[in-house]
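Notes follow the structure.
Only heavy atoms go into these numbers, but all of them, side chains included; no hydrogens, no water, no symmetry mates. Residue numbering restarts at 1 for every chain, and letters A, B, ... go by the order of the sequence lines.
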Protein chains: 2
Amino acid sequence: MTPEDIHPVSPSCADCPIRHRAVCARCDERELGVLESIKYYRSFEAGQMVIWSGDKMDFVASVVSGIATLTQTLEDGRTQMVGLLLPSDFVGRPGREFAPYNISATTDLMMCCFRKKPFEDLMFRTPHIAQRLLEMTLDELDSAREWMLLLGRKTAREKLASLLAIVARRDASVKLRATRGRMIFDLPLTREAMADYLGLTLETVSRQISAFKREGIIELEGKRHVTVPDFDRLLNEAGDDADGGMLS
Amino acid sequence: MTPEDIHPVSPSCADCPIRHRAVCARCDERELGVLESIKYYRSFEAGQMVIWSGDKMDFVASVVSGIATLTQTLEDGRTQMVGLLLPSDFVGRPGREFAPYNISATTDLMMCCFRKKPFEDLMFRTPHIAQRLLEMTLDELDSAREWMLLLGRKTAREKLASLLAIVARRDASVKLRATRGRMIFDLPLTREAMADYLGLTLETVSRQISAFKREGIIELEGKRHVTVPDFDRLLNEAGDDADGGMLS
DNA sequence: GCAGAACCTTGACCCAAATCAAAGAGAGCC
DNA sequence: GGCTCTCTTTGATTTGGGTCAAGGTTCTGC
């Protein structure tokens, strides 16, 4: 995935961390100049830690390529994923000095970072950027709360179906989406990472995937390449009424 | 609880929905005047719905007294609480037209509301208000994610201990807090509401409370009045390392 | 092409919490 | 005082998903 795919609207703002046309389009030359001057790239290998919970975090960033996860752990090692960052997602918290969760790369990862202090200064001077950040944070809050419903009340089967639906919606290549409900994509997570996201064990994840395969709800090629022949049927298994957006 | 308890710093700003001294103190006369001109009070009886998920929500508000909850439901009726609003908590989403969850009063409830459109206008013109809103939203996001850890990975016992700890921290009357780890408070929720918050059934909640009582971790007078003789001992049961802030 | 390491699947068994059921405890009301 | 309604407790039973264990698949590096 290239920067153009991520920021389709405004090539002059290809690395703008505020991933939204309304804002990119509204950034003036001076603002873009500031962003340009404070940005730098960092890449990570699969499995590498981007930052530990509690560490000082002096940047905000957009994911350019690869997958990152946010996780929290209990001291005995039980871990719960609390966020999944796909390309074009934003991470970082203006006004916060320390990272509140572990951020790690689950695949090779490229991030476009911006130094936090000057970014905050720009934000504080630039109302539409602050507004956009508020909106993004509200989106994340909605997702987190929808995930609370999943964690607290859904069965293992429903959890799996929900996760597959989210990944499909985010990842399925556009051309294949057109074909009447058929979706093809690669799972970006190991069984263990899925389990940590869903509040299950990896064995249960594996069993549910096998069940979906057995029932023809999904087709698997290798361990990661998934075909969903009928997306509506998958959605039916997810348990929530109607659409239920859930991104990020 | 009086407005003075809620907004201890700035009596002239007693109804400011941005519950933070730094912001109240920074509101100038004109801003306070705007807030004053767009505010109104609404009261609800215990059990009453404040707003249904999906309905148009044309106000933002502070809880003045009583308890409100945010809940989400699956279409078969399983429900999950995703937020608990105690006095001084803020609810509402600048920039969003529709309520994303059910908001209901679990006790008699008084809210101080502000019409949304003029509130947004004020926010867009007033950088420190937008910043404060962003900060509050980030706090809520952190709480939501901490709750995800609870829902996904904690045992029933740990869940109950965590909930008691949160309510104790928020509600325990200040004088009693001084007494070496001893805390006294009233549970603001029915067993069923606790269950919805914790992703459990009400029977399990009841059993865990009985267990804590039997072991002397809490003392109960009636069904709601709780004494925690040793707060650290309760915290030990909650499973999370060290402090783990978790508010609203 | 082989060895080792990750990662994944499947089976057998178990247990924490759900479900089903019944009875107790208050609170409000006549 | 007794009646009803809601909330809560407790017991008996069931079950979904966890745990433990044993192999199976890929992938990587040599």
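For A:Asp186, the side chain to side chain donor-acceptor pair (under 3.5 Å) partners are A:His225, not counting sequence neighbours. Legend: residues meeting salt bridge (charged side-chain N to carboxylate O under 4.0 Å, His left out) with A:Glu158, ordered by chain and number and at least two apart, are B:Arg78. Scanning for side chain to side chain donor-acceptor pair (under 3.5 Å) contacts around B:Glu45 gives an empty result, with sequence neighbours left out. For the side chain to side chain donor-acceptor pair (under 3.5 Å) test, no residue two or more places apart in sequence or in another chain qualifies with B:Thr71. Applying the side chain to side chain donor-acceptor pair (under 3.5 Å) rule to B:Arg157 yields the partners B:Glu215, B:Glu237; only residues at least two apart in sequence or on another chain are considered. Applying the salt bridge (charged side-chain N to carboxylate O under 4.0 Å, His left out) criterion to B:Lys39, with sequence neighbours excluded, gives B:Asp15, B:Glu36. With sequence neighbours excluded, the residues that form a salt bridge (charged side-chain N to carboxylate O under 4.0 Å, His left out) with B:Arg93 are A:Asp142.
Taking atom CG of residue B:Leu151 and atom C1' of nucleotide C:dA17, one finds them 15 Å apart after rounding to whole Å. As a whole-Å value, the separation of A:Glu221 CD from D:dT25 C1' is 15 Å. Separating the CG atom of A:Asp76 from the P atom of D:dT19 is a distance of 11 Å, rounded to the nearest angstrom. One can place CG of A:Leu198 at 12 Å from P of D:dG17, the figure rounded to the nearest angstrom.
Rounding to the nearest 0.5 Å places CD of B:Gln80 at 8.5 Å from CG of A:Leu151.
Between the two ends of the helix from C:dG1-D:dC30 to C:dC30-D:dG1, each summarised by a five-pair axis, the helix axis turns through 40° (rounded to 10 degrees).
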(request) Can you check each nucleotide of nucleotides 7-13 of chain C against protein heavy atoms at under 4.0 Å and return B for base, S for sugar-phosphate only, - for none, in 5' to 3' order? (result) -SBBBB-
